[in-house]
Q: 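Dropping a structure here in structure tokens format, bear with me for questions.
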4 protein chains.
Amino acid sequence: MMMREREQRTVPHADPPTASRFLEVRDLTEALAEPLSAEDQTVQSMEDASPTKWHRAHTTWFFEEFVLGAHASGYRPYHEQYRYLFNSYYDAVGARHPRPQRGLITRPGTYEIGEYRRHVDSAMVDLLQSGTAPVVAELVELGLHHEQQHDELLLMDIKHVFFCNPLLPGYGRHVVGRTAHAQPLEWISHRGGVIEIGHDGTGFAFDNESPRHPELLRPFALGSRAVTCAEWLAFIADGGYTRPELWMSDGWAMVQQQRWTAPLYWLPEAQGWSVFTLRGLQPLDPAEPVCHVSWYEADAYARWAGVRLPLESEWEAVATDTPISGNFLEPDVLHPQPHSGADADHGLFGDVWEWTASAYSPYPGFRPTAGAVGEYNGKFMVNQFVLRGGSCVTPAGHTRPTYRNFFPPSARWPFTGLRLARDA
Amino acid sequence: MMMREREQRTVPHADPPTASRFLEVRDLTEALAEPLSAEDQTVQSMEDASPTKWHRAHTTWFFEEFVLGAHASGYRPYHEQYRYLFNSYYDAVGARHPRPQRGLITRPGTYEIGEYRRHVDSAMVDLLQSGTAPVVAELVELGLHHEQQHDELLLMDIKHVFFCNPLLPGYGRHVVGRTAHAQPLEWISHRGGVIEIGHDGTGFAFDNESPRHPELLRPFALGSRAVTCAEWLAFIADGGYTRPELWMSDGWAMVQQQRWTAPLYWLPEAQGWSVFTLRGLQPLDPAEPVCHVSWYEADAYARWAGVRLPLESEWEAVATDTPISGNFLEPDVLHPQPHSGADADHGLFGDVWEWTASAYSPYPGFRPTAGAVGEYNGKFMVNQFVLRGGSCVTPAGHTRPTYRNFFPPSARWPFTGLRLARDA
Amino acid sequence: MMMREREQRTVPHADPPTASRFLEVRDLTEALAEPLSAEDQTVQSMEDASPTKWHRAHTTWFFEEFVLGAHASGYRPYHEQYRYLFNSYYDAVGARHPRPQRGLITRPGTYEIGEYRRHVDSAMVDLLQSGTAPVVAELVELGLHHEQQHDELLLMDIKHVFFCNPLLPGYGRHVVGRTAHAQPLEWISHRGGVIEIGHDGTGFAFDNESPRHPELLRPFALGSRAVTCAEWLAFIADGGYTRPELWMSDGWAMVQQQRWTAPLYWLPEAQGWSVFTLRGLQPLDPAEPVCHVSWYEADAYARWAGVRLPLESEWEAVATDTPISGNFLEPDVLHPQPHSGADADHGLFGDVWEWTASAYSPYPGFRPTAGAVGEYNGKFMVNQFVLRGGSCVTPAGHTRPTYRNFFPPSARWPFTGLRLARDA
Amino acid sequence: MMMREREQRTVPHADPPTASRFLEVRDLTEALAEPLSAEDQTVQSMEDASPTKWHRAHTTWFFEEFVLGAHASGYRPYHEQYRYLFNSYYDAVGARHPRPQRGLITRPGTYEIGEYRRHVDSAMVDLLQSGTAPVVAELVELGLHHEQQHDELLLMDIKHVFFCNPLLPGYGRHVVGRTAHAQPLEWISHRGGVIEIGHDGTGFAFDNESPRHPELLRPFALGSRAVTCAEWLAFIADGGYTRPELWMSDGWAMVQQQRWTAPLYWLPEAQGWSVFTLRGLQPLDPAEPVCHVSWYEADAYARWAGVRLPLESEWEAVATDTPISGNFLEPDVLHPQPHSGADADHGLFGDVWEWTASAYSPYPGFRPTAGAVGEYNGKFMVNQFVLRGGSCVTPAGHTRPTYRNFFPPSARWPFTGLRLARDA
């Protein structure tokens, strides 16, 4: 749910967000930006990505536009043109700066963006401490989840910026040396039948997770962990990137046009593969989940392995009873880690988002909400595939079994991997 | 199933094709090409389309490559390089001429292509009359359905060629004046539940129609006829092409980039809309089913109308008990006709292919077949949507309730329309 | 003067064109088109080129628009929309069909174009036989030279069409086997000083050849013949296409982007280079003048050879006293021939157009003429270089020492070669 | 001579550059960068432009590569990869970072670039104070003129960066209010004949200014000042941008494709035209020389005015006896100023570079020098036009009557204007 920023209708929610929770989320964004220089925060390395500075401003604009502007009496916008500069895609809000030119905005600078954030935070804290109506609480909750999504985008995008620099700088310097082996692949069986998927209304969820509804599943089995780099090396060695029969037609065209021979961020070196990470260039760890593969690659891999990708309903059927734990955003890690068999969560959450076989479509009975916040709830439900789980750059607490992330099948710069499935 | 030529595994079949049936199908292709000059048959007006001449040769190559070359002892290819020139996309067969350059091949000319067809037909008739093994019968059956698909492509593609000519020439001159009114829109209710969809193995089917499997449907209702031009005019008048909230994000980008303001082939004139048809420019008939709309437009229209597009399973649930009759390929018509309420078929078959809400994905348990013919059975199952029914340029007998046609959501040059659905 | 069709002001002329001379020029065009099928005549292989059919129609339109329409009382245009379809670039005449879409016009067909030509020829013969005013005579003379230019374009363009076909068909079948060796390279010295160049007003000339004016030359020497394929092979062998220091910056970018490794139409084969000609693929004859090289290549070659390209004034200073003879358009040849030392013309005329070091600029005092014919006389005088001499596809009688042909420095599909020069 | 950085052979020079002169030039660059934030200095707004930071580093690399690396014993490069990052186009020096990606380099940051400059300056001062061999003096002189060229580029490029920002920030805040009227246009006559142009070897010059050589001129007259904005407004009002007959064919295509309706940086507002300057948006001053017009526009204007652009030889013939004074780079101005008739320099120098009718070609006898510095002296002599004079962002002392600047005919972001000429 990362590529384009999305905001969606929340379901009723018991605990309204407090000022301290608000600041906790907001401060994480600033903490993530802190190691980045003014230059780092300004550049846009490709159209799909955005500058750090823009993420910091856009998440702020969200609170200003939808909460303060609408619900804080007497609030005046910090700067008239920020509404134009930092709107992402809300047509109902008005015109906006073209996405591909976000990297040309040198002013306001990082310092002014910081001022902007502090100004809005102060007004928000006042508002939250004065007691909030349910509709406001709901919008704030939405804004906080929106900001968490942008935290992940910020890290994805800056990784790509650094990769475009021949000096290959690292975002962080701390290296976590967790030596581990990947568990052997096993299969989690499920007997199929009619199951319920989708969010049940308890706690926050985006509206694309609803309504909860029955799905008819055939018996199937899900891999006990994500596909590893070691397994991906076998795919490469077996000609995975050179055999058209393994690929979707569009995927094969992409392989040839983009000259793909390995996942994004893999670099061949004299002594073997290295991987560019947020900590700079590292030797490839075969035990790690493979990351930064497109849906086309995931699909080809599954075909090569003689199995398939799971449906999102299959994934959710297994995940719904699984504890939500795993390798989420930790400033000292920010990279997938090998999955040890001891973990009860099967690595379903964290490390890498897992591509599914399901095109991103509305659930039956899905209804968009009114107004600018919900104006476009479903407008990305075409030409994208659903991913499930969460990644090593997803803030802890942001994901859940019903969470539907999505990207186009060619996307590689998110932290995307895969898990296999097969008919029982 | 038109955009890229596809050949797929057949299921066992009772009656092997006879020489006379073979020639009947083959002769239709030649009859369709007959009104076209050598110049008409040579040109490629866009990358997605192919020259008439190429369709005539490629369908012939199919029999030469997969039937005669493999199963007729002593058969020698007509021309060594035709294998290169007229292969569409079979990687297993070898290299092929680049698709975007099909229109640069002036030689072989239309006459030589005719010779080529006669040569292959003669060898095929010999083969068929000598008695055919089941595997051959199956390939011939496949080849004949393949050729029927290309008959539709041929007409779609030449229509676009003529539209690129400022003189707007017509393919045929006969005008069928069928004055009629469209029936009022009614709703066909269905109570939902678990139903079976997919082909049951009786008679020919493409492999993407199998396996037959259960689907769980919610109660729904399907429109009693396709959306008409009159209804589309109301959509336009209500700002349909200018209101972003009606569109998918990708669709809205397309509207702006391509400056869409009406379906393809609609031309504004002083006295109102005209429509370019295979019989040249005609006044718009409001009673006709709207045609040449993309999925993006169909989806936006349904949203504007407050309902939705049907799932392919919903469409099939209704169609499975409906007689297969309608306005199929008739050289004197070649254009959608108003649907009179008297027709028991609800216009489900013929006139226009109907976009569904279903992304084109494999049925559960779908398995591709081995070999070049089936090499890529599923390789187009991404970034496309399923259409159902058949059109006024589909050869009669070519379609059925389980038939899954598919195109990318931006395609407008096929004969594509829509039918509404809603939750019950 | 080939790339874009140009028509230019004539100077006063003694002998008005007769009907028989008119028909002689017109018939040559038809004779050149005669070996081409309807398919061949319809295709446009790149934006810079035009279909044969279009050349036949456009040259006819020229007489209809500028002569018959303006000066034949009662003449009515053959077809209202031909004015739109066959205008090349005359803005004053009105809107026109976009150049890149000339190859999509299947109708009118070749037969209708023939009818159109006969209709206009008939009216023109009537006009010419009724006696013509000087202004008409001048326009007819211009139209005939215009048509001769298009004869050369027609051959250049169809050669490229055939080259795009993997079957590599030939335009003609007759092979002229003229075995010869190239003469050794000698240097024709000129002492420089103030000389006059440009047309002196005797006989026909295009207006870019005037006014005649003095130029100040330094002493120089001109090569006694064009550069040969043998010499070009030495350039290739010495890394000519791999050494950036030999190239203009833009030329080097072109080498890398287009992956140039030899002149256009040279094909590497197991036993050495072959050359695609209007007679099909032929073994490379080292004695021939090298042909189908861009200005960038010619310039790089000269730098490699330690000398330079001649200025157009230097070329004309030598050519002005040279007999106009050489290998011009002959249906049985249509390919450059080795230059034997016995020829007094030094091969200055015919075989290949010779790139000069002179950017195409107006002569001092150049004045465009009024009206549509002369509207844009100088509008191509930017980003092009002057070529001199004439080629093996230039109609005999069409060229002269003052003739200024021009193409962009990247053009390779004209019959372009080079001759060296050096300071004395 | 601005678009691509060029370094050229110097002629023998009397006074070797001193450390203080070296630092004076170097300090100007830093002073120009000083008002710019780290963000401002990092962005590349189009492929033709470069980030401020890159200019600062590249000019430093020049001294490191060609002076210190070659002539300072024991000097070690500051950073191994800077050689790759900051080489502009010297193939002989080795591989280099792709030009279009200069704006993606966030690290080294502006601070590190400052450190790099100080390191090199210190080594250079040591070298210069230890006494320099003539060859070194010559290279240093070249490096200083190279740096002055980049000072102008830096200002041109940052102006474009700011123009891409909807906030339209200004580089400087000081507004110089010089109220003045433009003098009436008069004509400076010259009787023509053989004159000498090119550099005579006294003092520094780039090698494209040599050799000095005779040119034969016809009698002509040159405008007494540059074309003003008031005159340009008359051109616009008379349909200058809508009449194809005024334009070169390529220029007209550009007008239509880019939708030019006025010079770059002119913005229509309710009350009339405003102009974006390095001091932000300002009301248009009709008395100012028009600036930021392409050669295509200058050429069309001259045709509209019934005259022409001067040849570079004509310009030099007049300028050679004119004092070199004018509005050069002054941090408080940085914008063209109205030319008062009292100035003896006719505004030939400073304010705006003046397009000439001369394609940029080598002077007769031009010879490139050996080695990487001179490797490509002439490699831009194609598809460009010569400009003369200097502009309001050219450092004082950098220009002279023989100076040949050049840009492609479509360039608008340099400070380019025009002066008219006519035949006498």
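These values consider heavy atoms only, across backbone and side chains, with no hydrogens, waters or symmetry-generated copies. Computed from a predicted model, the values in this text were never measured in an experiment. Throughout, a chain's letter reflects where its sequence line sits, starting with A, and its residues are numbered from 1.
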Q: Checking heavy atoms, do the side chain of D:Gln41, its backbone, both or neither come under 4.5 Å from chain A?
A: neither
Q: Rounded to the nearest 0.5 Å, what separates atom OG in D:Ser37 from atom CD in A:Glu112?
A: 8.0 Å
Q: Considering only heavy atoms from C-beta outward, does the side chain of D:Val43 approach that of A:Thr42 to under 4.5 Å?
A: yes
Q: Distance check, rounded to the nearest 0.5 Å: D:His97 atom NE2 versus A:Cys164 atom SG?
A: 8.5 Å
Q: What closest approach, in Å, do D:Arg107 and A:Pro35 show between heavy atoms, and which atom pair accounts for it?
A: NH2-O, 3.7 Å
Q: Taking atom OG1 of A:Thr106 and atom CD1 of D:Ile158, what is their separation to the nearest 0.5 Å?
A: 6.0 Å
Q: A side-chain contact here means heavy atoms from C-beta on lying under 4.5 Å apart; do D:His79 and A:Leu167 qualify?
A: yes
Q: Using a cut-off of under 4.5 Å on heavy-atom pairs, state which of A:Val161, A:Thr110, A:Leu36 scores highest against chain D.
A: A:Thr110
Q: Any donor and acceptor pair, going by atom type alone, linking the side chain of A:Asn165 with main-chain N or O of D:Leu104 inside 3.5 Å?
A: no
Q: Are more than 12 heavy atoms from other residues, nucleotides or ligands located less than 6.0 Å from atom CD of A:Glu80?
A: no
Q: Please flag which part of D:Pro166 lies under 4.5 Å from any non-hydrogen atom of chain A: side chain, backbone, both or neither.
A: both
